[in-house]
Amino acid sequence: MSRRYALYCLPAPGSRLEAFGRGVLGYDTVSGAPVPHPEGLEALAAVTAGARTYGFHATLKAPLRLAAGATESELVAAARALAAAHPPVTVGPLTVAALGAFLALVPDAPPPALGLFAAECVAALDPFRAPPTEAERAKRRPERLDPRGRALLDRWGYPYVFEAFRFHMTLTDALPEADRDAWHRRLSEAYAASGPEPLVIDALGLLTQDGTAPFRLLARLPFGEPRG
């Protein structure tokens with residue numbers, strides 16, 4: 001069975017953001033258990049099936065298979081060292097926004113430190129990444145990318161890194177255009193009702209996926225002390 005790994009930003013355990021995201025997607029990456037959708041939003045089950053596989057998160061290092069000779073324990077140690085050497089990143093308030101055909105939570109004003117940290121994550125764990133298969137590369141739709149996007153895909157296995165990175169916590173699958181405004185309104189109202197707080201990233205989530213099963217948390221890796 002093929003195992004993949006991903007480095008995510010996850011909500012703080014027990015936070016209102018965690019409860020909101022789990023409820024929207026109907027899945028808990030920590031326990032691997034389904035979660036009921038909020039009352040009145042049961043129809044989310046039909047528009048979150050793809051996102052549910054990945055769980056509620058923001059991607060910092062896209063899913064990868066281990067390179068030949070690399071081990072899971074080495075990957076965990078590298079991710080732990082990366083987290084321990086980094087101070088918390090203050091992201092600030094989030095808002096529901098449309099990103100193409102899907103909806104996500106995005107920062108109102110993403111700080112430069114966020115993009116820099118995401119770039120660190122991409123580079124630090126890349127030695128553990130096996131080259132993508134032809135099927136994996138085709139899934140990224142290289143024919144739709146510009147030359148720079150294809151170059152990033154070829155070098156890093158994922159096109160949305162470095163200057164193309166945009167922090168987002170996915171809330172839906174791709175939606176028909178006719179449905180986007182209604183879901184945007186409903187999810188914005190639900191998020192406002194959840195009592196949102198500004199986001200501070202103070203840990204990394206290393207997740208695993210076996211075959212086509214949903215991703216599950218392997219290790220939560222706290223950040224170190226702020227740098228003086």
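Basis for what follows: all heavy atoms, side chains included, without hydrogens, waters or symmetry-related copies.
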Counting only heavy atoms not in [X], do more than 12 sit closer than 6.0 Å to its [atom1] atom?
X      : atom1 : value
Glu143 : CD    : yes
Glu39  : CD    : no
Arg180 : CZ    : yes

When rounded to the nearest 0.5 angstrom, what distance separates OG1 in Thr212 from CZ in Arg4?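 Rounded to the nearest 0.5 Å, the OG1-CZ separation comes out at 10.0 Å.
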Please determine if [X] and [Y] form a salt bridge, counting it only when a charged side-chain N lies under 4.0 Å from a carboxylate O.
X      : Y      : value
Lys61  : Asp126 : yes
Asp202 : Arg220 : yes
Arg137 : Asp154 : yes

Only one of Leu66, Leu125, Leu207 clears side-chain contact (heavy atoms from CB on, under 4.5 Å) with Tyr5; which?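 In the set Leu66, Leu125, Leu207, the residue that makes a side-chain contact (heavy atoms from CB on, under 4.5 Å) with Tyr5 is Leu66.
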So, applying side-chain contact (heavy atoms from CB on, under 4.5 Å) with Phe102, which one of Thr172, Asp173, Leu175, Thr48 is it?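 With Phe102 as partner, side-chain contact (heavy atoms from CB on, under 4.5 Å) holds for just one option, Thr172.
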Please check if the side chain of His37 supplies one atom and the backbone of Ala43 the other of a donor-acceptor pair under 3.5 Å.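 No, because the side chain of His37 does not come within donor-acceptor range (under 3.5 Å) of the backbone of Ala43.
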Glu42 side chain to Gly40 main-chain N or O, any donor-acceptor pair under 3.5 Å?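 Yes; judged by distance alone, with no hydrogens or angles, the pair exists.
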Show the nearest heavy-atom pair for residues [X] and [Y], with the distance to one decimal.
X      : Y      : value
Leu103 : Trp183 : CD1-C, 3.6 Å
Pro222 : Ala203 : CA-CB, 3.8 Å
Pro88  : Gly224 : CD-O, 4.0 Å
Arg65  : Ser2   : CD-OG, 3.6 Å
Leu94  : Val91  : CD2-CG1, 4.2 Å
Pro127 : Ala67  : O-CB, 4.1 Å

Let me see the working for Leu10 and Phe56 under side-chain contact (heavy atoms from CB on, under 4.5 Å), right down to the final yes or no. CA-CA 7 Å; Leu10 299 177; Phe56 183 62; over 6 Å; no
Should [X] and [Y] be regarded as members of a common hydrophobic cluster, given that ILVMFWY residues are connected when their side-chain heavy atoms come within less than 4.5 Å of each other, either directly or indirectly?
X      : Y      : result
Met169 : Val89  : yes
Tyr54  : Val47  : no
Leu60  : Leu105 : yes
Leu221 : Leu75  : yes
Leu114 : Tyr8   : no

Using side-chain heavy atoms (C-beta onward) and a distance below 4.5 Å, is [X] in contact with [Y]?
X      : Y      : answer
Thr170 : Leu99  : no
Val200 : Thr90  : yes
Pro63  : Gln209 : no
Arg141 : Lys139 : no
Leu199 : Pro107 : no

Would you call the rings of Phe167 and Phe165 parallel, tilted or perpendicular, taking 30° and 60° as the class edges?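 Judged by the thresholds at 30° and 60°, the geometry between Phe167 and Phe165 is perpendicular.
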Any chance you could pull the hydrophobic cluster mates of Leu145, using side-chain heavy atoms under 4.5 angstrom and chaining through other members?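 Answer for Leu145: Val122, Leu152, Leu153, Trp156, Tyr158, Tyr160, Val161, Phe162.
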Would you sort out whether Leu204 and His86 count as a side-chain contact (heavy atoms from CB on, under 4.5 Å), showing the intermediate values? CA-CA 10 Å; Leu204 290 173; His86 209 279; over 6 Å; no
Provide the full list of salt bridge (Lys or Arg N to Asp or Glu O under 4.0 Å) pairs with a residue in residues 186-200, sequence neighbours left out, each pair given once.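 The answer is Arg16-Glu197.
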Side-chain donor-acceptor distances from residues 20-31 under 3.5 Å, at least two apart:
unit_1 : atom_1 : unit_2 : atom_2 : d
Arg22  : NE     : Asp28  : OD1    : 3.1
Arg22  : NH2    : Glu18  : OE2    : 2.9
Arg22  : NH2    : Asp28  : OD1    : 2.9
Tyr27  : OH     : Phe215 : O      : 2.7
Asp28  : OD1    : Val30  : N      : 2.9
Asp28  : OD2    : Ser31  : OG     : 3.0
Ser31  : OG     : Ala33  : N      : 3.1

